[in-house]
Amino acid sequence: KKWKQLSRLQRSIILFLFAFLTVCGVVSYTSMGELWKSVTNKALEEQGPEPVTPGLKLANPAVLPAPQKADTNVGEYPELSPQKRPKLPHIRRNPSNLQIKPPWRDVRLQTQRDASKVVEEPVQADREEKTEKSVISWRGAVIEPDQSSEPPSSKVKESEKTSSVEGEGQKEPVPINERQMAVVEAFRHAWRGYRDFAWGHDELKPLSKSYSEWFGLGLTLIDALDTMWILGLKEEFEEARKWVANDLVFDKNVDVNLFESTIRILGGLLSTYHLSGDSLFLEKAKDIGNRLMPAFKTPSKIPYSDVNIGRGTAHPPRWTSDSTVAEVTSIQLEFRELSRLTGDEKYQKAVDEVMKHVHTLSGKNDGLVPMFINTNSGQFTHLGVYTLGARADSYYEYLLKQWIQGGKTENELLEDYMRAIEGVKKHLLQRSQPKKLTFVGELAHGHFSAKMDHLVCFLPGTLALGAHNGLTADHMRLAEALMETCYQMYAQVETGLSPEIVHFNLHAQKGHKDVEIKPADRHNLLRPETVESLFYMYRFTGDKKYQDWGWEILQNFNKYTRVPTGGYTSINNVQNPSNPEPRDKMESFFLGETLKYMFLLFSDDIDLINLDKYVFNTEAHPLPIWVPA
Ligand code: DMJ
């Protein structure tokens, strides 16, 4: 106890003295070791035996600046209460009311304030549970009981005080800088193409000046709503809002993909509701949320991939009764938030059940999951193949993000996340030649492949977010290494744009770079993952190199993917600067994610979507973090 009361400096001095005395022979190595053990393992010993875990590291303190206000003890380790899912209904279901005023700017473009506030009175039952404090340790993430004698309820009040709208609303908006202006310009250019040639349709085809439909629901428009809000584009936002009010109809005989429509449409509508406070968006979110619910009517409760939102029927893809693991485990943030807002727990129940079930499943490899799950049996299928790329990626992302969304109380999510990252370290990490870049490969039936999807570049950002929330400093070090790798996936390529997939060289060969690209993989779809991670890395470290890397990427998007008549296009060949072979398609996530993360990356205003108040869904739509009761 006394040891814990000492400051870090005092602890360091004592340890230094012991080391000094040991070297001088005054104290034996053994007693030095004992002291060290008793200091570092105290929490572990208190809980009794820990499952034996290869690669287990002792807890490290959070590596990053302590989160702003949300948690008082995060500078040490996050507090975890006994395993309890957040209870519904929550008291306040209003939007976060993030904007004191709308973000519209004059010539001197200014950032809007995002004075977020999710005030939820703790329900009585929760208060009682909170008094039973616990110690949780998981592979280097040691979460100690709250040291303060303050009752949980007074803590809530404290956090209410510090995040109050009144308090923050007074702060001067921060003017946007030149790089952000360049993003606004890029967005306007992209939007012009969409508005002129694809208005109300899913995706712009900028070369043929037409559009493509996927679900026929104005996907790009909905995905881009909160980006317009954040960038301060008033006219564009108002016009798009009118379309949502008058033309967005979900009562259509159309099959939509559950995951894609959840992350883009439901997520986009919910975040726009929070940012704008406009109930139109909540009404639309409820409508689509309800229409997606039939997907969960399966023998196993693992949802089908496709839903007919007009007929209320759901089914798996034609060729299989499997769903994709990432898809069924990356819809939770959105449905849980829908429950919180509506007070109807059915949405949260459905998605929580999926997570609980997946938590118990066999077929994982040190926390790594296969890519498919059967909707009848509820079991993983196609066992033995592990990737952090397509079909599994956002499973890992949402473990951490749900834990954060729920106020860091759902221990199973944290356990699964920590175990999975250990699995990544054990099975998937390798170093390339000649630059010794750390990368995440794939494992197929025991065989390692040095293949990495660009999609995996979400991982540095997610690891950094975990470290910011009190997880081991080790994760931050890995995030830094992987961030460098993802940047090199751009920098080592002729156009300065990453291909969809790279293969890393494991052996040095004269004239070969780290990154090799196969002809089938050399396209670029304007994907966001690298700039997304750059945003997190800059937010948490303040290291300007991350902004500079993002700036290079923006320049290269402008150079090779910008279509003069409006819009940006995916390209087929990142290795041919003289003809990158435009594909004639602008994906909705370019506006929903890529440009939004660029704008946030170039900002120095940590309150422009404060990461202690919001958690981004996997389509870059910010949703409020529920204030812990
Ligand atoms: C987006 O729809 C989401 O980011 C998803 O998680 C992965 N694929 C695209 C972007 O690359």
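No hydrogens, no waters, no symmetry mates; every other heavy atom, side chains included, goes into these values. Everything numeric in this text was worked out from a predicted model, so none of it was measured. Remember, it's 1-based here, ligands and their atoms both numbered in the order they're listed.
Considering only residues two or more places apart in sequence or on other chains, Pro317 meets the side chain to side chain contact (heavy atoms under 4.5 Å, CB included) condition with Ser305, Asp306, Trp319, Thr320. Take His201 and apply the side chain to side chain contact (heavy atoms under 4.5 Å, CB included) test, not counting sequence neighbours, and it matches Tyr211, Glu213. Residues satisfying the side-chain hydrogen bond (donor to acceptor under 3.5 Å, both in side chains) criterion with Gln575, sequence neighbours excluded, are absent altogether.
Contact residues of ligand 1 (protein heavy atom closer than 4.0 angstrom to a ligand atom; sorted by chain and number): Ile263, Arg264, Leu455, Arg527, Pro528, Glu529, Phe589, Glu593, Thr618, Glu619.
Applying side-chain contact (heavy atoms from CB on, under 4.5 Å) to Ile373 and the options Thr324, Asp322, Thr381, Leu361 leaves one that passes, Leu361. Arg527 pairs with exactly one of Glu619, Glu587, Glu500 by the salt bridge (charged side-chain N to carboxylate O under 4.0 Å, His left out) rule, that one being Glu500.
A salt bridge links Glu236 to Arg188: at least one charged side-chain nitrogen sits closer than 4.0 Å to a carboxylate oxygen.
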